[in-house]
Asker: 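There's a structure below that I have some questions on.
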Amino acid sequence: METRKQGLLRRHRRNKRITMAVALPIMVALDWFAGWSSLPVLLLLAWIAHEAWFSDHLFYSPRDDYQYSFPASSQVATGTLSKGRIALDAVDLTNSMDTLILEVFIHSSWLGRWLDPHILICAEAVLDRQDFEQGASGRRYLNISGLLPGLQSGKLRLRTRFCRLSPEVRLYAFSNPDYAMRRVMVIAPHADDAELAAFGLYSRSDEACIVTLTQGEIEAHNYARMGLDKAAAARLKGRLRSWSSLAVPLWGGVPASRCVQLGYYCLQLTPMASAPEQAFPSLESGDSDIRSVRRFNPITLPGDVDGVPSWRNLVGDLAALLVAFRPEVVVLPHPELDPHPDHIQASKLLDEAVALSEWSPEVRLLYANHLYDNDRWPMGPVGNGISLPPCHTGLSIDGLWSPLLKDSVRMDKAQALAMQHDLQTPLPLKKRLRRLIQWVLAGRRWPEVGQDDFFRKAVRRHELFWVRVTR
């Protein structure tokens, strides 16, 4: 079944092919009738322009407003922006407000159509930067969590680059306990999802556990280069990523005795959920026994009896883990924002496991490692804050929690990602050329610690979670 994102990507590629089909005859005609004899040069320049400014997977207009529905319980203050300083109407800002979201209206300049427009957030010794789409115009949400003292003292300033801001602003504030001090279970559909979304959270928790649902064995082209056939390459990748899911959390202080690899197969959770009793083997490795990567698990689970990759076994496994670890907080993908099919099923899986186990976590913290319509979010260079992602459906927000990561934690997070085999795949030549072109023409920068774009997107001043209180 085609996912929404796959459909958007297919439409995006179709539109590009149509554009090329229309543009190429025009360029050939101009070259022929005008006698320019410069068609190769025109084609080269068109390709460079495409790579510099039109290669982002952006499936919406940058002139569209972001649309969120905030709870009435969140503190709201309207205000104005003058010479970069924020003047709020009467509002009681208390120190318990740990997550602050500022609604602004951005208007890109002419240069902002070719260079990424961004806002510099300055408060005493802090300098943050949050980027938006080229040509952005409309409602956006800055994350100013951790800058409450500067906001209270009036020393917080906003400086724009390649854009301007309307004078009207609105502040949303959320107060949360420190969820890292609770018993935490991170549900990771694949190895590295826990590190990407929540390394800062789980590395501060004394009672964290990590449950990885799948081996993540598909798309093993890089391993096939070693002379392995498709099935053998997928098996090797699945073994390596399964090992990473158990070993890498130790870098964040979570021992292997609190990490579990369930060993189901990538991109099979959706068909499994539709036929709970049926077995769904790997799409690429040919394996059909989930016990092949379970030998290091700290506890015995229901699926160990027969090793069948079925939804019934998966629900039973997670139910047993809920009873064993008794988490108060469960961290998992946001089912409405994160489009990966395996990520979408995580919430349904948790619902069924809670019903079976009768252990219900108090809070769910939802994360998004992918988006439907913007592959660059969080936009901008590594190390900066995370603004709210694009959303055009009026998504309801129960709560937000955006804890700060110290410099040392960000470095540890980057190294945890560097330990992930799947994030060390060399970039193909086309992507390396694209980055060079964007570095020269669009002013973009990438981190030195790793080539994969997740090093840029995940190692930030904040982590960001949507909060849902369940009891």
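Positions are given from 1, in the same order as the sequence printed here. The basis for the numbers below is simple: all heavy atoms, side chains too, and nothing from hydrogens, waters or symmetry mates.
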Asker: Using only heavy-atom distances, determine whether the side chains of Tyr179 and Glu328 contain a donor-acceptor pair under 3.5 Å.
Answerer: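 Tyr179 vs Glu328: no donor-acceptor pair found between side chains.
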Asker: With a 3.5 Å cut-off and no angle check, do the side chains of Ser285 and Glu217 form a donor-acceptor pair?
Answerer: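 No.
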Asker: Given Asp116, which partner from the list Glu133, Gln134, Met379 fulfils the side chain to side chain contact (heavy atoms under 4.5 Å, CB included) test?
Answerer: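 It is Gln134; the other options fail the test.
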Asker: Take His392 and Asp65 through the test side chain to side chain donor-acceptor pair (under 3.5 Å) and record every step on the way to the result.
Answerer: CA-CA 7 Å; His392 306 98; Asp65 285 337; over 6 Å; no
Asker: Got a salt bridge between Arg294 and Asp317, using NZ or NE/NH1/NH2 to carboxylate O under 4.0 Å?
Answerer: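 Answer for the salt bridge query: yes.
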Asker: Going through the checks in order, is the side chain to side chain donor-acceptor pair (under 3.5 Å) test met by Asn313 and Asp306?
Answerer: CA-CA 9 Å; Asn313 271 351; Asp306 55 19; 2.9 Å; yes
Asker: Side chain to side chain contact (heavy atoms under 4.5 Å, CB included) between Thr470 and Arg364: does it pass, once the steps are laid out?
Answerer: CA-CA 7 Å; Thr470 56; Arg364 298 186 185 190; 3.8 Å; yes
Asker: Just by distance, with hydrogens left out, do Gln424 and Asp422 show a side-chain donor and acceptor under 3.5 Å apart?
Answerer: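 Not at all, the side chains of Gln424 and Asp422 share no donor-acceptor pair under 3.5 Å.
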Asker: Ring centroids only, cut at 6.0 angstrom: are Phe465 and Tyr367 within range, meaning strictly under it?
Answerer: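 Centroid distance Phe465-Tyr367: not below 6.0 Å, so no.
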Asker: What residue among Val126, Leu100, Leu142 forms side chain to side chain contact (heavy atoms under 4.5 Å, CB included) with Leu147?
Answerer: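 By the side chain to side chain contact (heavy atoms under 4.5 Å, CB included) criterion, Leu147 pairs with just one of Val126, Leu100, Leu142: Val126.
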Asker: Assess the residue pair Tyr60 and Asn374 against the criterion (side chain to side chain donor-acceptor pair (under 3.5 Å)); give the C-alpha distance rounded to whole Å, side-chain angles, the decisive distance to 0.1 Å, and a yes or no.
Answerer: CA-CA 8 Å; Tyr60 60 92; Asn374 185 330; 3.0 Å; yes
Asker: What about the rings of His190 and His343, do their centers lie closer together than 6.0 Å?
Answerer: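 Ring-ring flag for His190/His343: true, centres closer than 6.0 Å.
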Asker: Can Arg312 and Glu352 be said to form a salt bridge (Lys or Arg N to Asp or Glu O under 4.0 Å), step by step?
Answerer: CA-CA 10 Å; Arg312 175 179 57 81; Glu352 295 189 21; over 6 Å; no
Asker: Under the salt bridge (Lys or Arg N to Asp or Glu O under 4.0 Å) test, which residues partner Asp131, sequence neighbours left out?
Answerer: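 With neighbours one apart ignored, the set is Arg129.
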Asker: Measure from NZ or CZ of Arg139 to the centre of the six-membered ring of Tyr66, then state whether that distance is under 6.0 Å and the direction lies within 45° of the axis.
Answerer: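 Not satisfied by the 6.0 Å and 45° rule.
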Asker: With sequence neighbours excluded, tell me which residues meet side chain to side chain contact (heavy atoms under 4.5 Å, CB included) with Leu427.
Answerer: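 Counting only residues at least two positions away or on another chain, Leu427 forms a side chain to side chain contact (heavy atoms under 4.5 Å, CB included) with Lys431, Arg432, Arg435, Gln451.
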Asker: Less than 3.5 Å apart, any donor N or O on the side chain of Gln438 or Ser55 sitting next to an acceptor on the other?
Answerer: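 Yes, a side-chain donor-acceptor pair sits under 3.5 Å.
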Asker: Charged N to carboxylate O below 4.0 Å: is that the case for Asp287 and Arg239?
Answerer: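 Not counted as a salt bridge, because no side-chain N and carboxylate O are separated by less than 4.0 Å.
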Asker: Which pairs pass side chain to side chain donor-acceptor pair (under 3.5 Å) with one or both residues in residues 141-153, sequence neighbours excluded?
Answerer: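 Matches after skipping sequence neighbours: Glu103-Tyr141, Asn143-Ser145, Asn143-Ser402.
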Asker: Report the C-alpha separation of Asp351 and Lys348 in whole Å, then their side-chain angles, then the decisive distance to 0.1 Å, and conclude whether the salt bridge (Lys or Arg N to Asp or Glu O under 4.0 Å) test is met.
Answerer: CA-CA 5 Å; Asp351 289 339; Lys348 179 181 180 182; over 6 Å; no
Asker: Report the C-alpha distance between Gln261 and Ser245 in whole Å, list the side-chain angles of each, state the deciding distance to 0.1 Å, and finish with yes or no for side chain to side chain donor-acceptor pair (under 3.5 Å).
Answerer: CA-CA 7 Å; Gln261 167 59 250; Ser245 71; 3.0 Å; yes
Asker: Looking at Trp251, I'd like to know if the NZ or CZ of Lys413 sits under 6.0 Å from its six-membered ring centre while staying within 45 degrees of the ring's axis.
Answerer: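 Relative to the ring axis of Trp251, which defines the angle, Lys413 lies outside at least one limit.
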Asker: Any chance you could lay out the side chain to side chain contact (heavy atoms under 4.5 Å, CB included) test for Val76 and Arg170, step after step, and finish with the verdict?
Answerer: CA-CA 7 Å; Val76 179; Arg170 183 182 296 266; 3.5 Å; yes
Asker: Is any side-chain N of the basic residue among Glu336 and Arg468 closer than 4.0 Å to the acidic one's carboxylate O?
Answerer: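 Yes, charged N to carboxylate O under 4.0 Å.
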Asker: Strictly under 6.0 Å, is that where the ring centroids of His370 and Phe454 end up?
Answerer: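 Judged by ring-centre distance (under 6.0 Å), His370 and Phe454 do meet the cut-off.
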Asker: If you draw a 6.0 Å radius around CE in Met181, do more than 12 non-hydrogen atoms from other residues or ligands fall strictly inside?
Answerer: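 More than 12 heavy atoms, drawn from other residues, nucleotides or ligands, come within 6.0 Å of this atom.
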Asker: Once you measure the plane-to-plane angle for Tyr202 and Phe199, does it fall in the parallel (<30°), tilted (30-60°) or perpendicular (>60°) bin?
Answerer: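 Taking Phe199 first and then Tyr202, their aromatic rings stand perpendicular (interplane angle over 60°).
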